[in-house]
Novice: 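I have a structure here, written as structure tokens, and I will follow up with some questions on it.
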Amino acid sequence: MKQLVTLGCSLSPKDSWPHACNHAGLFDIHTNYGFGGGGNQQLLDCIDEYLLRNTVKDLTVIYQMTGMERGGGMYPITGPLPDVPKIQVHESWEAHSIRPDHRSCEWNGYFGNQHMLWSDKHDIVKNEHKNPIIMVTRVVSKLCLLANAGATVYAFRGWTGVIPHTPEETWKQITDVFDKNNVNYVDEPLVDWCIKTNQQFYPDDWHPATMSSRRYAEEFLSKQLASDA
């Protein structure tokens with residue numbers, strides 16, 4: 001069975017660009033991990049958890065890079081987490097109760113139940129040491145490993161500034177590595193493209209409207225996905 005995994009932050013609800021990527025029903029299973037205000041580490045954690053229950057056979061991963069300076073990820077349910085309410089963990093990702101206001105959700109981890117926490121709303125996330133260079137390294141390395149293991153991998157930036165300091169120079173370094181490891185990528189970031197092409201945005205002026213996000217996928221991803229299929 002053909003599997004599609006799509007990942008990203010608030011730019012990646014399942015009905016936006018991920019929907020366009022599977023609009024033609026190319027994949028039998030589509031799992032989307034999209035977190036408002038979420039960071040890359042939790043997306044990498046989601047990939048790890050997914051691979052414990054599935055294989056890379058017939059797997060396509062589409063990864064929307066988010067801010068490399070964002071924190072968050074998996075944390076143990078027991079332990080000194082005073083800012084986290086006690087939660088009831090369910091049995092599957094689909095049944096997990098995401099709390100957008102709390103920036104938290106329940107996670108039935110393969111090796112034990114966990115909290116998924118993100119954004120500076122939580123002290124444990126706010127105060128953790130963040131190293132954007134190491135985060136770039138982790139993201140690029142994981143996507144290359146997936147591609148070399150047999151998965152079909154696509155990557156793109158949510159916006160230019162997901163990479164701090166020298167975004168274009170670093171993106172060139174990233175794509176050099178992608179080229180060597182058969183990772184497909186889109187040079188044009190999602191938000192940047194929507195601005196350039198006068199796409200509709202939500203009232204916050206930051207998030208492209210659903211149809212705008214889908215047009216981005218149709219422009220840069222859908223045809224290639226159909227070709228690869």
Novice: Should the pair Y216 and F156 be assigned to parallel (<30°), tilted (30 to 60°) or perpendicular (>60°) ring geometry?
Specialist: tilted
Novice: Side chains of H207 and S10: is there a donor and an acceptor less than 3.5 Å apart?
Specialist: yes
Novice: Output yes when K142 and D48 qualify as a salt bridge under the 4.0 Å nitrogen-oxygen rule, no when they do not.
Specialist: yes
Novice: Among residues at least two apart in sequence or on other chains, which ones pass side chain to side chain contact (heavy atoms under 4.5 Å, CB included) with L51?
Specialist: I47, V56, L59, L146
Novice: Any Lys/Arg nitrogen of K172 or D176 sitting under 4.0 Å from an Asp/Glu carboxylate oxygen of the other?
Specialist: yes
Novice: Kindly indicate whether the side chain of N40, heavy atoms from C-beta on, has any atom under 4.5 Å from the side chain of M68.
Specialist: yes
Novice: So for atom NZ, which belongs to K14, do other residues, nucleotides or ligands contribute more than 12 heavy atoms lying within a distance under 6.0 Å?
Specialist: yes
Novice: Strictly below 4.0 Å, N to O, side chains only: are R215 and E219 in salt-bridge contact?
Specialist: no
Novice: Taking C-beta and beyond as the side chain, do V125 and W118 meet within less than 4.5 Å on heavy atoms?
Specialist: no
Novice: For Y154, enumerate each residue passing the ring-ring contact (aromatic ring centres under 6.0 Å, His included) test, keeping only those at least two apart in sequence or located in another chain.
Specialist: none
Novice: Could you tell me whether a side-chain N or O of N184 sits under 3.5 Å from a main-chain N or O of V153, the two making a donor and an acceptor?
Specialist: yes
Novice: For the pair H19 and H23, name the ring-plane relationship: parallel under 30°, tilted 30 to 60°, perpendicular over 60°.
Specialist: tilted
Novice: Quick one: pull up CG in L4 and CD1 in I62 and give me the separation to the nearest 0.5 Å.
Specialist: 5.0 Å
